[in-house]
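Heavy atoms only: backbone and side chains are in, while hydrogens, waters and symmetry mates are out.
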Amino acid sequence: MSKDYFEFLEKKRHSIGDFGFKANFIPDCAFDFQSFIIEKAVRKGRIANFVDTGLGKTLIQISIAKNVIQHTNKRVLILTPLAVGFQFIKEAFDRDITDDIEITKDGKFTKKIVICNYERLHYLNEKDFECVILDESSILKNFDGAIKHQVTSFLKKVRYRYLFTATPSPNDFIELGTSSEALGYMGYTDMLTKFFTNNEDTIKPQNIGTQWTLKGHAKNDFFRWVSSWSISMR
């Protein structure tokens, strides 16, 4: 086989390797579990962080952003729901992590860390960012949502990718599949085909009435796979 064909196969492979680098910044105020998440996430480069409410996701996200900036000297985009961006600004200043951070509403920015609402992503160009962090990334489980498709497409063109949301429901397999796809790992349809069976003999997970059940023999392999690209903490 030709070299070009080997390169083609490599691009199609669902890689679970490390895409990041060794952490270069851990805030003094971080708890040990927060330091662990920062270090692992930075080393992984593309990872979902299913971290429960009240465990300091905002601090962790800003710290990851600072790591990327100090390593690459390029910009980081943090996408948030409406009215959440100011919390990142306050955290960054109160914790004395960085003042190189701002919110954009029209796609204009001058700082290294740029915060934007999901609804305003169309103002931005993925070429301007080395890293994208999704706050409340559970928005991706909306299959037919225009924002979901826009965000996933945007992420695919960025080197470092991070998803943050509270620990998902153990039965919300769709959220796990869309998260994996957004990070550049296995797509949700491939995930369902490989690990699940359903009551309608279909691979269309959005069909009304479709009930997905984890194959008995695939349980260990499924959760081993999920653990290879995510952190879960309560």
message: Between Pro27 and Ile38, is there a side-chain heavy-atom distance shorter than 4.5 Å?
response: yes

field: For the student: nearest non-hydrogen atoms of Ala65 and Ile113, plus distance
entry: CB-CD1, 3.8 Å

task: Determine, using the 4.5 Å side-chain heavy-atom cutoff (strictly less than), whether Tyr123 and Leu121 are members of one ILVMFWY cluster.
output: no

query: Do Lys57's NZ or CZ and the ring of Phe164 fall within the cation-pi criteria of under 6.0 Å and 45°?
result: no

message: Using ring centroids (six-membered ring only for Trp), state whether Phe154 and Tyr118 fall under 6.0 Å.
response: no

Separation between CG of Leu134 and CD of Gln61, rounded to the nearest 0.5 Å: 9.0 Å

task: Look only at the side chain of Glu126 and the backbone of Leu155, and say whether a donor-acceptor pair between them is shorter than 3.5 Å.
output: no

field: Separation between CG of Asp135 and CG of Asn49, rounded to the nearest 0.5 Å
entry: 11.0 Å

Donor-acceptor contact below 3.5 Å, side chain Lys66 vs main chain Ile97: yes

query: Judged by atom type as modelled, is there a donor-acceptor pair below 3.5 Å linking the side chain of Tyr162 to the main-chain atoms of Ala41?
result: yes

query: Could you state the interatomic distance from CZ (Phe19) to CZ (Arg161), rounded to the nearest 0.5 Å?
result: 8.0 Å

message: Taking CG in Asp94 as the centre, count heavy atoms belonging to other residues, nucleotides or ligands within less than 6.0 Å. Is the count above 12?
response: yes

message: Parallel, tilted or perpendicular, judged at 30° and 60°: which one describes the rings of Phe129 and Phe109?
response: tilted

- prompt: In Å, rounded to the nearest 0.5 Å, how long is the span from NZ of Lys148 to OG of Ser153?
  reply: 10.5 Å

message: I'd like to check Leu192 versus Asp190 (side-chain heavy atoms, cut-off strictly below 4.5 Å). Are they in contact?
response: no

field: Within 6.0 angstrom of Lys74 NZ, more than 12 heavy atoms from elsewhere
entry: no

query: If you take all heavy atoms of Gln34 and Leu55, which pair is closest and at what distance?
result: NE2-O, 3.1 Å

field: Salt bridge Glu102-Lys111, side-chain N to carboxylate O under 4.0 Å
entry: no

- prompt: What's the spacing between Leu82 CG and Asn117 CG if we round to 0.5 Å?
  reply: 4.5 Å

pair Ser180-Trp225: side-chain heavy atoms closer than 4.5 Å: yes

- prompt: Looking only at heavy atoms, which two atoms of Asp221 and Phe195 are closest? And how far apart?
  reply: C-CE2, 3.9 Å

task: Output yes when a side-chain donor or acceptor of Lys44 lies under 3.5 Å from a complementary backbone atom of Ser228, and no otherwise.
output: yes

- request: Examine distances only and state if a side-chain atom of Asp100 and a backbone atom of Lys112 form a donor-acceptor pair shorter than 3.5 Å.
  value: yes

query: If Ile, Leu, Val, Met, Phe, Trp and Tyr residues are connected whenever their side-chain heavy atoms lie under 4.5 Å apart, and connections chain through other members, are Leu59 and Phe86 in the same group?
result: no

task: Please check if atom CZ in Phe222 has more than 12 non-hydrogen atoms from other residues, nucleotides or ligands closer than 6.0 Å.
output: yes

- prompt: What heavy-atom pair brings Trp229 and Leu183 nearest, and what distance separates the two atoms?
  reply: CE3-CD1, 3.7 Å

query: Within the distance-only criterion (no hydrogens, no angle test), does the side chain of Arg234 pair as donor or acceptor with the backbone N or O of Asp52 below 3.5 angstrom?
result: no

- prompt: Any side-chain heavy-atom pair from Thr104 and Arg120 closer than 4.5 angstrom?
  reply: no

- prompt: Above 12 or not: heavy atoms from other molecules or residues under 6.0 Å from CZ of Phe33?
  reply: yes

message: Would you say that Phe196 contacts Thr213 through its side chain, given a criterion of any heavy-atom pair below 4.5 Å between the two side chains?
response: no

message: Distance check, rounded to the nearest 0.5 Å: Leu77 atom CG versus Asn125 atom CG?
response: 11.0 Å

